[in-house]
Structure formats: structure tokens, C-alpha cells
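All remarks here apply to the structure that follows.
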Amino acid sequence: MAKLSTGGSRSLLKQYQSMEVDARYTVSGKKFLLLDDIVTTGNSLIAARKRLLEAGAAEVYPLAMAQTVLEPETPFSNKETRYNPVNMDDTLSSGTNSTGRWFSISTKMVVNGRLKEVITWNYTKFQTDMWRYQTSTMDQSHDTVVSPGDKVFAYGMNRLGWPYEVREFWVY
């Protein structure tokens with residue numbers, strides 16, 4: 001599989017458009033293991049998998065060696081706040097429509113009894129695709145795939161009573 005460009009946008013559409021299956025190789029009916037060094041959004045693996053399946057691959061298994069952890073999106077990553085609770089705000093909102101569902105939730109970082117930061121997490125799921133999110137601290141240029149250990153996501157889903165499942169390392 002050839003990637004036609006590197007860098008830039010991490011959107012699923014841009015990743016998909018930047019790849020093509022090399023016609024010199026037989027893909028139909030074969031099994032593939034996709035390897036990526038570091039997953040940030042997961043979109044390159046998703047796009048490559050989609051391209052291979054469209055070309056007739058029997059099975060495609062994505063595998064990454066590591067996942068990017070972006071500050072300050074991980075509430076417990078900052079040494080200053082690690083031992084202080086991150087409180088979930090009561091500003092949980094949600095909705096569903098014919099194309100999927102969404103919910104938003106705010107977290108409050110409290111350090112030494114003082115409010116340090118409020119982060120709003122926006123989770124979306126398009127039809128049968130995996131859950132993705134953006135936060136108020138991100139640059140809004142891309143969505144990030146929800147990881148199975150995302151505590152904010154799990155809290156919101158449990159509060160809403162919505163079912164979800166983990167398949168491989170994706171949350172559906």
C-alpha cells in the first residue's frame with residue numbers, strides 16, 4: 001500500500017485520499033497485518049484497512065506499537081494534579097439522530113482546592129464507526145479515537161446508560 005503524502009491533516013478523509021493499493025500486488029482473499037509505529041488519531045490505520053478491504057482483502061488486522069498521549073487531554077498525566085481528583089461536572093448533554101449519537105461532558109481540574117481548568121469533552125459516533133472525541137483544549141483540526149481506558153468516556157456512557165463495546169483496541 002502506497003501512502004501518497006505524509007504529514008498535514010489527520011482527518012479520516014484526508015488519510016483515505018492519501019492512500020492507494022498498489023495494483024502490482026494481489027490483495028484479493030489475503031489476510032493482512034497493518035503495522036503503525038505510533039497511533040495518534042487512528043485514522044491512517046482505519047483508512048488503510050478500508051482501502052485493503054475495498055481491494056478484496058479477506059481480513060485486515062491493525063496493530064500499533066504505541067499511542068500518543070496528548071497534554072492536557074489526559075487528566076492524570078500532570079504531576080501537579082495526579083493526586084488531586086478530577087471532578088466530573090453535571091453539564092452532561094447528549095443527543096441522537098439518524099446518523100449517530102453524541103455527548104458532551106466537562107471535567108474540572110482542582111489543585112489545592114482551587115479550580116485550575118475546565119475541559120469540555122465532545123464525543124461523537126457516526127453510525128457503526130468507532131467513538132471519537134475532541135476537547136476544548138485541542139486545535140479542532142482532527143478527532144481522536146477513544147481508547148478503551150478513557151475514564152471520562154466511561155463515566156459519560158455509564159451516566160447515560162448507553163452500551164458500548166471494545167473490539168481489539170477500538171471502542172464502538
Less than 4.5 Å apart, any side-chain heavy atom of [X] and any of [Y]?
{"X": "Val145", "Y": "Ile46", "value": "yes"}
{"X": "Arg159", "Y": "Ile105", "value": "no"}
{"X": "Met130", "Y": "Val171", "value": "no"}

What heavy-atom pair brings [X] and [Y] nearest, and what distance separates the two atoms?
{"X": "Gly29", "Y": "Ala58", "result": "O-CB, 3.5 Å"}
{"X": "Asn122", "Y": "Ser104", "result": "OD1-OG, 2.5 Å"}
{"X": "Gln17", "Y": "Arg51", "result": "CA-NH2, 4.0 Å"}
{"X": "Tyr172", "Y": "Thr128", "result": "CD2-O, 3.5 Å"}
{"X": "Val60", "Y": "Leu34", "result": "CG1-CD1, 3.6 Å"}
{"X": "Phe169", "Y": "Pro62", "result": "CE2-O, 3.1 Å"}

Which is it for Phe32 and Val27 under the side-chain contact (heavy atoms from CB on, under 4.5 Å) test, yes or no, and what are the steps along the way? CA-CA 9 Å; Phe32 290 86; Val27 173; 3.7 Å; yes
Check the hydrophobic clustering (I, L, V, M, F, W, Y; side-chain heavy atoms under 4.5 Å; chains of links allowed) and say if Met157 and Trp102 are grouped together.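 No, separate clusters.
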If you group Ile, Leu, Val, Met, Phe, Trp and Tyr by side-chain heavy-atom gaps below 4.5 Å, do Phe126 and Tyr133 land in one group?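 No; Tyr133 is not reachable from Phe126 via cluster members.
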Kindly compute the distance separating [atom1] ([X]) from [atom2] ([Y]), expressed to the nearest 0.5 Å.
{"X": "Arg132", "Y": "Thr144", "atom1": "CZ", "atom2": "OG1", "result": "9.0 Å"}
{"X": "Leu33", "Y": "Leu63", "atom1": "CG", "atom2": "CG", "result": "5.5 Å"}
{"X": "Lys31", "Y": "Leu52", "atom1": "NZ", "atom2": "CG", "result": "15.0 Å"}
{"X": "Asn43", "Y": "Asp36", "atom1": "CG", "atom2": "CG", "result": "11.0 Å"}

Expected output: side-chain Asn97 to main-chain Gly100 donor-acceptor under 3.5 Å: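 Yes; judged by distance alone, with no hydrogens or angles, the pair exists.
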Donor-acceptor pair, Thr135 side chain versus Thr137 backbone, under 3.5 Å?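 Present.
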Show, in sequence, the C-alpha distance, side-chain angles and deciding distance for Tyr16 and Glu54, and conclude whether the side-chain contact (heavy atoms from CB on, under 4.5 Å) test is met. CA-CA 12 Å; Tyr16 180 80; Glu54 289 172 349; 2.5 Å; yes
Ser44 and side-chain contact (heavy atoms from CB on, under 4.5 Å): which single residue from Gln15, Arg49, Lys14 fits?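 The side-chain contact (heavy atoms from CB on, under 4.5 Å) with Ser44 is passed solely by Gln15 among Gln15, Arg49, Lys14.
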Please report whether the ring centroid of Trp131 lies less than 6.0 Å from that of Phe153.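 Ring-ring flag for Phe153/Trp131: true, centres closer than 6.0 Å.
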Please verify the inter-ring angle class for Phe103 with Trp162; under 30° counts as parallel, over 60° as perpendicular, anything in between as tilted.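 Perpendicular, since the angle between the ring planes exceeds 60°.
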Scan side-chain atoms only and decide if Tyr123 and Asp150 contain a donor-acceptor pair under the 3.5 Å cut-off.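 Yes - a donor-acceptor pair under 3.5 Å links their side chains.
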